[in-house]
Amino acid sequence: SAKASPRQGLYPLVSLLSPYRIMQTLVHLLKCNIGTGLLGLPLAMKNAGLLVGPISLLAIGILTVHCMVILLNCAHHLSQRLQKTFVNYGEAMMYSLETCPNAWLRTHSVWGRYTVSFLLITTQLGFCSVYFMFMADNLQQMVEEAHVTSNNCQPRKILALTPILDIRFYMLTILPFVVLLVFIQNLRMLSIFSTLANITTLGSMALIFEYIIKEIPDPSSLPLMASWKTFLLFFGTAIFTFEGVGMVLPLKNQMKHPQHFSFVLYLGMSLVIILYICLGTLGYMKFGSSTQASITLNLPNCWLYQSVKLMYSIGIFFTYALQFHVPAEIIIPFVISQVSESWTLLIDLSVRTALVCLTCVSAILIPRLDLVISFVGSVSSSALALIIPPLLELITFYPEDMSCVTIAKDIMISILGLLGCVFGTYQALYELIQPINHSIANSTGVYA
């Protein structure tokens with residue numbers, strides 16, 4: 001009788017490992033979409049209204065997932081056409097422009113990759129800047145309330161207080177530790193940090209939900225629809241929250257069986273959207289008009305919920321290294337290629353330090369967590385999530401007789417994303433330049 005091949009003998013083992021790899025990819029997908037933006041969703045719901053907010057968030061979530069699928073389909077089609085094993089976001093844009101009917105676009109196709117790379121760098125560094133603000137906000141509240149923290153977990157009451165130290169001092173305190181963190185370039189070590197971030201995030205989210213579902217006040221006094229100006233801020237925050245758009249192609253590529261990724265994507269993003277709507281709606285119902293830029297700043301001043309801020313801040317600290325890895329991998333190789341080999345290590349560490357300092361300085365100059373989230377979401381996240389994928393589908397498949405319905409759908413999604421980008425950016429900038437007193441800019445000084 002014929003002998004079974006080694007591949008056939010190993011097939012049962014591969015079948016056993018497949019669910020593990022699927023679960024591993026699912027966890028990575030969840031981690032990519034659960035960051036600081038999630039904690040800002042209750043304020044986003046306040047900016048949209050109790051009825052309009054959840055419906056709009058669901059619609060944006062569905063559109064974002066659809067655009068992720070478009071991106072995957074285009075990348076798969078281009079990789080087959082060019083006989084490549086994998087193409088990233090920027091390469092997909094460049095290769096699609098190389099075959100488009102317009103001669104000028106074909107000649108300048110490389111700018112498609114440059115544009116996507118620039119937006120990815122801007123978005124990821126924007127996330128990192130928000131992380132500085134988030135960690136500083138929570139650290140300030142923990143330190144300056146330590147002397148009055150007790151075991152009695154009573155709801156916070158509005159009380160105007162003058163902060164002991166400026167929020168910028170806490171950002172500068174965090175800076176050296178973040179610089180040392182990004183010096184770690186070993187991906188295996190980064191995966192350990194990723195696991196720690198997952199554990200601390202999961203624990204803190206469980207405690208947040210445990211608190212906000214207890215004794216929810218009557219929501220009848222909350223507006224069902226907010227003004228259109230604050231709705232524009234909602235749009236930016238909602239788009240910012242879907243942080244994993246740029247990671248779907250790398251996640252699919254690292255799977256042993258990429259054909260299973262569609263199932264992982266739909267399952268993972270369904271869980272993410274449900275989590276977003278639940279936390280945003282329940283958080284707004286719980287805290288109402290007192291809702292802060294991050295829901296952690298609304299939690300009671302007791303040791304249990306101070307530990308939530310500590311755990312989530314630790315998770316965000318480690319996540320900083322993961323988000324920083326994307327722009328670092330784009331910028332550093334280019335800079336190193338311009339110098340001699342003897343300068344490689346010094347230039348590498350110098351660029352990393354400079355990029356971290358850039359995110360810290362950005363946070364120091366604009367210490368408004370809610371508005372920076374909305375601004376980053378409106379400017380770059382909306383382009384990567386809603387504007388570019390439909391255009392990419394039009395350019396990639398237009399020579400192959402696309403249906404009129406698909407063309408109209410892609411144009412509508414891109415126009416919607418562009419309108420949200422323009423008006424959301426305008427409103428965020430308008431709010432940023434408005435004169436504000438220190439207590440409003442510094443949320444810790446308002447609630448005690």
Side-chain angles (χ1 to χ4, degrees), residues 33 35-48 53 56-57 60 64 115-116 118-137 167-168 171 226-246 276 280 291-295 297 316 319-320 323-324 326-327 355-388 416-436 440-443:
N33 285 280
T36 53
L38 171 66
L39 300 180
L41 282 176
L43 182 62
M45 292 297 181
K46 177 185 173 183
N47 287 332
S56 300
L57 186 58
I60 290 174
T64 303
T115 301
V116 171
F118 174 76
L119 289 171
L120 282 171
I121 291 170
T122 304
T123 303
Q124 298 302 121
L125 291 181
F127 291 159
C128 291
S129 183
V130 168
Y131 291 171
F132 258 107
M133 278 178 271
F134 176 84
M135 289 186 288
D137 265 337
I167 189 72
R168 298 166 182 84
M171 293 180 190
S227 72
W228 67 271
K229 289 184 178 180
T230 56
F231 181 82
L232 294 175
L233 297 177
F234 161 84
F235 175 83
T237 304
I239 290 295
F240 178 95
T241 308
F242 291 95
E243 299 178 19
V245 176
Y276 285 0
T291 304
Q292 291 284 278
S294 168
I295 194 174
L297 301 176
I316 291 299
T319 305
Y320 186 105
Q323 296 285 13
F324 183 86
V326 176
L355 290 175
V356 173
C357 290
L358 176 63
T359 61
C360 182
V361 169
S362 301
I364 287 172
L365 292 176
I366 316 172
R368 296 287 305 277
L369 182 62
D370 55 335
L371 296 182
V372 173
I373 286 176
S374 182
F375 177 73
V376 173
S378 297
V379 173
S380 50
S381 298
S382 61
L384 290 171
L386 293 180
I387 300 174
I388 295 179
L416 177 66
L418 183 61
L419 290 174
C421 173
V422 172
F423 290 109
T425 302
Y426 166 79
Q427 188 62 29
L429 288 174
Y430 176 79
E431 295 288 340
L432 282 169
I433 62 176
Q434 295 305 301
I436 54 172
I440 296 175
N442 183 353
S443 53

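In this structure, OG1 in T359 is found 2.5 Å from OH in Y320, a value given to the nearest 0.5 Å. Residue L57 holds its CG atom at 5.5 Å from CZ of F242, rounded to the nearest 0.5 Å. To the nearest 0.5 Å, atoms CG (L355) and CD (Q124) are separated by 12.5 Å. Q323 CD to I316 CD1: the interatomic distance, rounded to the nearest 0.5 Å, is 8.5 Å. In this structure, D137 CG and M135 CE are separated by 11.0 Å, a value rounded to the nearest 0.5 Å.
Y426 has its side chain out of reach of L232: every pair of non-hydrogen atoms, C-beta onward, lies at least 4.5 Å apart. Between N47 and F231 there is no side-chain heavy-atom pair separated by less than 4.5 Å. Side-chain atoms of F235 and S382, non-hydrogen and from C-beta on, do get closer than 4.5 Å to each other. Contact of the L43 side chain with the T237 side chain is not registered, since no non-hydrogen atoms from C-beta on lie closer than 4.5 Å. You'll find the side chain of I387 reaches within 4.5 Å of the side chain of C421, heavy atoms only.
Between the T123 side chain and the L120 main chain, no donor and acceptor come within less than 3.5 Å of each other. The closest donor-acceptor contact from the side chain of S129 to the backbone of L125 lies at 3.5 Å or more, if one exists at all.
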*Would I60 and F234 count as a side-chain contact (heavy atoms from CB on, under 4.5 Å) if you check the C-alpha gap in whole Å, the side-chain angles of each, and the deciding distance to 0.1 Å?*
CA-CA 11 Å; I60 290 174; F234 161 84; 4.1 Å; yes
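Of the listed residues (L119, T64, I239, T122), just one forms a side-chain contact (heavy atoms from CB on, under 4.5 Å) with S381, and that residue is I239.
Scanning both residues, M171 and A136, for their nearest heavy atoms gives CG-CB, 3.5 Å. In terms of heavy-atom proximity, I364 sits nearest to R168 at O-NE, 3.1 Å. The two residues T230 and S227 make their nearest non-hydrogen contact at OG1-O, 3.0 Å. Considering every non-hydrogen atom in both A363 and M133, the closest pair reads CB-CG, 3.8 Å.
If you look at F127 and F240, their ring centroids are closer than 6.0 Å. The six-membered or imidazole ring of Y131 lies away from that of F134, with a centre-to-centre distance of 6.0 Å or more.
With sequence neighbours excluded, the residues that form a side-chain contact (heavy atoms from CB on, under 4.5 Å) with L416 are L63.
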